[in-house]
Each structure stands twice: as C-alpha cells, then as structure tokens.
2 protein chains.
Amino acid sequence: MPSSMTDPAGPRATPTPPTSAAVARRAGVSRATVSYVLNGQAAGRVGERTQAKVRAAAEELGYVPHAAARSLRAGRGSIVLLAAPADTAPAFGSLFTSFLAGFQTALHGLGYTVVLHGAPAAAPLAAARAWAELRPAAVLTLDAPPPDAAAVALLRRSGTAAVLTHGPPAAPGAHTLLLDQHEAGRAAGAHLLARGRRRIGVIRPAEPGLARFADPRLAGVRSAAAAHPDAVVRPLDLALTEHSAAQLAAAWPDLGLDAVFAYNDEYAMLLMRALQDAGHALGTAPDGIGVVGADDLLLGRLLRPRLTTVRAEIIPPERIAALVDRLIRTPDTAPAAHRLGTFAVVARDSG
Amino acid sequence: MPSSMTDPAGPRATPTPPTSAAVARRAGVSRATVSYVLNGQAAGRVGERTQAKVRAAAEELGYVPHAAARSLRAGRGSIVLLAAPADTAPAFGSLFTSFLAGFQTALHGLGYTVVLHGAPAAAPLAAARAWAELRPAAVLTLDAPPPDAAAVALLRRSGTAAVLTHGPPAAPGAHTLLLDQHEAGRAAGAHLLARGRRRIGVIRPAEPGLARFADPRLAGVRSAAAAHPDAVVRPLDLALTEHSAAQLAAAWPDLGLDAVFAYNDEYAMLLMRALQDAGHALGTAPDGIGVVGADDLLLGRLLRPRLTTVRAEIIPPERIAALVDRLIRTPDTAPAAHRLGTFAVVARDSG
DNA sequence: TTGAAAGCGTTACCAA
DNA sequence: TTGGTAACGCTTTCAA
C-alpha cells in the first residue's frame, strides 16, 4: 500500500507531530539552522539555498513550532489569564462580551494569548495556585472575592509580572482597575434629587452575583441624598421575572415613593412595565414616578417614556491592553489604582 | 538588613520561581521523590517522614508545578481552544456569554483549560497554524468562514485530537455542531402562514457578522412559503438604530406586507416601536402587522403586544463538553454532525 | 556558514 | 525505599 494513498476517514492524528528535528533531518541541516531560518535570525548566517531548503521541508511536513517548548526555553510565557467564573459573566452582561472581544483582540495584537479561566470560585489561594500553573505573564481577575495578599504573593513568586483586579475593593499587592459603582449611584441620586424627587427607591437585584455592584450603587444614592435633609432612600428587592415585578408594583402605593433607581436598563424596563400595568403614571406625567436605569441600552430609547439612564464611559479595551502590556514589562511597578471609566447621566423622559 | 523584612512595595517577582529541584534541595531528597510525593504516586514508595518533609518544603517555597513543562514531558496537552473572533461574539449575543460560561466550567471540571483565541479572521491556514502552536487537544471554531480541508489537516497532523466547527456548513474532516438556522426561519414562516399571513417580510440585519445566520433564516421562510402559491417573501434591510427603523416604517405602506420575521427579539422590538410610532397596528388588531422575533428574551414578554418568538432549545453545555472530551479520547472517530438543538415557536400576541 | 551541546521544568524508567 | 538519568521540543552560545 503506497504511503501517498489518502486515508478515506480523513487525516488521522499522527502519533508524533513533526518537530524541528524532523525538519532538520529532511532538509539535511542541523536543528540550530532550522531555528535560525524559521525565526528570521538567518540573515548573514545561513545561505540562501539552505534557507529555501529548510522552508520547503517545514512546509512539506506541516511543521508548526511548539509554543510550550518555546516559552519553557525562553523562561517567560505570553499568557494573559482572565479569571471570570461562570456566575460573573451574566453580572457584567452584554457589556462584558463586547469588552472581552476587544480586549482579547488588542492583547493578541501585542503578542499575548488570552486564557479564560472560569475556576468555580474556590478559596483564593487554591485559585491562585491553579492560575500560577500556567505561568501567566499577567492575571486579571473579574472575580469576587478578589485574591487576598497570600494569593497575590504566590502569583508574584511564581513569576506573574502583573496582577490586576477589578475593584473596588483594592486587593493588597495588586493593581486595581477601578470602576466606582458608588459613583453610578451618586449620579443617579443627584439627578433625581435635582428634579425634585425626595423619596427614592433603589432596586437590589435578587441575582446573587450582582450584589457586589448593587450595594455600592445604593450607598451612592444614599450619599447623594445626605445633602437633602428631607430625602428618603429605600432599597427594594426585585428578581428579573415578571412575577417579582408584579409583586413590587402591587406593593407600590404603600411604599410612598416618587422615584426609583432601577439598577440597570433591563430591571428598569421590567419595573416600568409592571408599574404601568398596575395603573401608575411614569416620568414627567402628573404624579409620574421617576425612573432611572443604567447601561444606556438601545431598549431604553424605545420605551415610553424614554428611559433616563446612567452610562458608564469605559476607556477603550485597547488602552487597558496597553496598560497590561506596560505592567508586564515593568514588573516592579508599585501597585496602583487605574480608573476604568466614569459614569454620566443620560437624561430622557422617565426621570 | 534581615531577609525576613517585608518589602513595602509588596512581593516582588522573583528572578527565578521555585522549581521542583529547589523543593528537592530544601527537603534533602531527589527531584524524582518530589515528583512522586506531589503527584500522589508516593504510596508504598516514599516514607511518611520524607513525604512530610517534601510537602513542607513545597509549601514554604510556594512551589507550583509548571504546566507547560509537564505537558511537554507528557506529550499531550489539555487545552481546548475556542476560536471566536471579535466580530462573532455580538452575533451570538447574550446567549453566547452564558453558553461560554457553562461550557468553560464543564470543561474545567473535566480537566481541560479553555483558551480563547480571537484571531482576527485571517486566512484559514494561517489561523490554524496559530492555533496549532498551542498543541490543543481540541479546537472548536465558532468562526466564519470555517477551516478548510488544509487547515483541518494541519491541525490533525500537529496532534489536535478533535476539530469541531459550528455549522452549517460542515467543514471537511471536522466534526460539526449543528444548529440549523434554516429551521428557525421555517418555523417562523410556517407559524405566520398558519395564522393566515401571506405577505411576509424578513429582516436582514445590516451588521455584517449576522448575515451568516440571517441568510439561512430567510431561506427557511422561503421554503415554508413554497407550500402556499399565493405567499410572498421579501427581505428587508435594517440596522440596529432608531433611524434605520424609522426609515423602514416610513416605507412600510409601499411594501404591502402583512407580517414580518424580525431576525431576533431586539430587532423586533426596534421595528415594533418604529411601526407603532408611524401609526401602524400590530398583532391581532384589525389590519395588525404580524411580528415574530427570535431568542425568547425577557423583553419580548414586556412588549405590547407580547412578542411571538422563535426559541432555540440548545442542549446543555455540559453535554457538549462531554462530547468534546469523548472525541479527544477517541481521536479517530469519523467526522460527523452533532445536533446542537432545535427551534420552536413560542406563540404570544404579536403574530 | 554550519553544527554540537547545554539547559528550560517535568516525569518515568531502571538501578541501587 | 530512594536516586540517577534520559527525554519531551525548542533556542542560543560557542566552537569549528
């Protein structure tokens, strides 16, 4: 049976993938020469004819260098590890997806490989150990709780040049990418107060992963209200279901509130529908309930009244990628906080 | 200066992270013994006292094994590479985010590491080469266009046990995870036709990455309409902006349509709002325009009329992870198509 | 212009 | 019960 015969089941997994040694053998040169040619270090060292032979041999064999072997030898890897457990992703929502895509592409352009690690949030130290096995150049956690001092120390000692967390809070020894949710609440609260609202409800989503964002937002509203002696702030629990929203709407008259900060645009839409179905007026209508969402989704502009919302102005993922790259190159940079963005109110008709 | 003094700038990156050799030296044993102890192969080979010494030394040094060195030695890696370029993620939407989280967690539980590779969709062969450098156990592309025969062959030869693509179409030599968009269109079309609609518009999103899903959906509606000689199907271009929707709504009377399949719930919401603002009735109202969306988002239940939608019943990510694991273990399984799920209409009031 | 050899961190075989 | 040693695939210094 001729070896050139095609396997009808398609290409099979070769027991041993081609190595640079195989290329060298086929081209009749040494492994060193192969390395020089294939890494562009051949100028003035290897003859033209030899280079051509090497390239041809590599091509014919379908040779692809082995990244692990290379970085083992080089002593430094090019992995940027993104730690984002399963229950975090929904919390970040569609913003997360698009951020991830841009961030990933930017890092790729800088020569890094992004590894997504969805460790089921175990003990911080155990998680850090699992990450450290990959010898990442940088670790970026979107996780809560953030790594503690011991976890950061373990990573640093195992060669991780930069550890970044998404905060607040700040993790000791790590850089912090700061997006202050408190500020979102403060902006929403200040806006409603300036519009004359004084009895403000604040939605606390029932989804557990969101408490991390919701609590500081509530505190932000409270801090805005502190300037007005007659202002009242009241937390309201709400799950992302029609049933939960109907319950809240039914209880509304007893709450005596004139406005609500709905955590985000989706909760806002859900609540607005339930309030309207229960016969309440919204926005600037007489006795209308003021509603403010967050995230500035398209749907907010399609609602009636149009939804006032708090928008996060996030710095572009390319800049964050560049920051990570810089921190990797200067591993001894003192840990600091880096502002990820700010919040601004987009005023429409609902509040 | 005592070496136990804490560095005020936090733990610094050690020039050389601790290796198993360092642990051996500290414990006064050989590297082999360390390996046995730390991998649980020590039963009946290494004395209790020695084991304790080794563990203590590893702990004190903060030793963490080097995954790349390990898999180099083992000859097989545990990476599952997920190829999803930046412009694909938005196309999959929030469904993608939640799928990704579940899939990732499931694979992690099976001992794999998920690597996200957002190669800016270059030539298929170049992309395959970049993937092959990581020597992944499996490659799963969500990418369009799918890898061609040469790309698949390159991966297989470099040791990738399983290559999976998301289709249709099927890629030669690769397994296919099948989610037939044609069926979604057929289901929507059949539903509208059964409700007596005959002049059906089909939204074609302007976003380029979506054509891949939109075109088969359109074809599906057409195939459903083929059974009705008097049925008309007409593609309608729409971007995800209020302006674009307003344009389409303004042109509506000239189109002479009585129903529309809006690609998904977001486009449906956008279009419904624009049609309502232009004075058109929707759903079962007299002369109401029938609207069908897709994805069964919460927002569809909040619209008025409530949105009829096509829902994908996707098999759970754990099952897909198990499939990938099985294919890795039996690398010579003949390429086949695996159904990812089916589509069903959720009938509400809009169409 | 090319090749030989060392070494990155691991594990597994074989000898002591 | 333990240790020496080779090998995984690659790059780079040094010598020819």
Side-chain angles (χ1 to χ4, degrees), chain A residues 14-54 57-58 61-79 132-136 157-159, chain B residues 14-54 57-58 61-79 132-136 157-159:
Chain A
T14 313
T16 57
T19 71
S20 78
V23 175
R25 225 175 303 122
R26 191 173 229 273
V29 301
S30 77
R31 312 213 303 293
T33 305
V34 171
S35 179
Y36 285 138
V37 172
L38 264 35
N39 291 307
Q41 313 287 355
R45 317 182 69 142
V46 182
E48 273 302 332
R49 274 194 55 74
T50 313
Q51 290 199 36
K53 263 196 305 187
V54 170
L61 259 45
Y63 169 72
V64 175
H66 191 307
R70 176 180 290 178
S71 71
L72 182 59
R73 163 71 220 220
R76 60 200 164 68
S78 57
I79 288 179
E133 290 197 6
L134 298 174
R135 295 290 190 276
R157 265 204 304 186
S158 70
Chain B
T14 312
T16 57
T19 70
S20 77
V23 176
R25 225 176 302 123
R26 192 173 227 274
V29 299
S30 77
R31 309 211 305 292
T33 304
V34 171
S35 179
Y36 285 136
V37 173
L38 265 35
N39 291 307
Q41 313 286 355
R45 318 182 69 143
V46 182
E48 274 302 331
R49 273 194 56 73
T50 313
Q51 289 198 36
K53 263 195 308 187
V54 169
L61 261 45
Y63 168 72
V64 174
H66 192 307
R70 176 178 287 175
S71 72
L72 179 60
R73 165 69 225 220
R76 60 201 163 70
S78 57
I79 289 178
E133 291 198 4
L134 298 175
R135 295 292 190 274
R157 264 204 305 184
S158 69

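Naming: A, B, ... by sequence-line order, numbering from 1 per chain.
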Polar side-chain contact [X]-[N] base: donor and acceptor under 3.5 Å:
X       : N      : answer
B:Arg70 : C:dT11 : no
A:Tyr63 : D:dC10 : no
B:Arg73 : C:dT10 : no

From [options], nucleotide with atom closest to [X] side chain:
X       : options               : answer
B:Ser30 : D:dC10, D:dT13, D:dG3 : D:dG3
A:Ala32 : C:dG3, D:dT5, D:dC10  : C:dG3
B:Thr33 : D:dT2, C:dG3, C:dG9   : D:dT2
B:Val29 : D:dG3, D:dC10, D:dT5  : D:dG3
B:Leu72 : D:dC8, C:dT10, D:dT11 : D:dC8
B:Asn39 : C:dT11, D:dT2, D:dC10 : C:dT11

Which part of the nucleic acid, if any, lies within contact of [X], taking any heavy atom under 4.0 Å across all strands shown: a base, the sugar-phosphate backbone alone, or nothing?
X       : value
A:Gly75 : nothing
A:Ser71 : nothing
A:Ser35 : base

If every non-hydrogen atom of B:Pro65 is compared with every non-hydrogen atom of B:Arg70, which pair is closest and at what distance?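 Residues B:Pro65 and B:Arg70, closest heavy atoms: CB-NH2, 3.4 Å.
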On DNA chain D, does the nearest nucleotide to B:Arg45 precede the nearest nucleotide to B:Arg135 from the 5' side, or the other way round? Give the residue.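 Residue closer to the 5' terminus by nearest nucleotide: B:Arg45.
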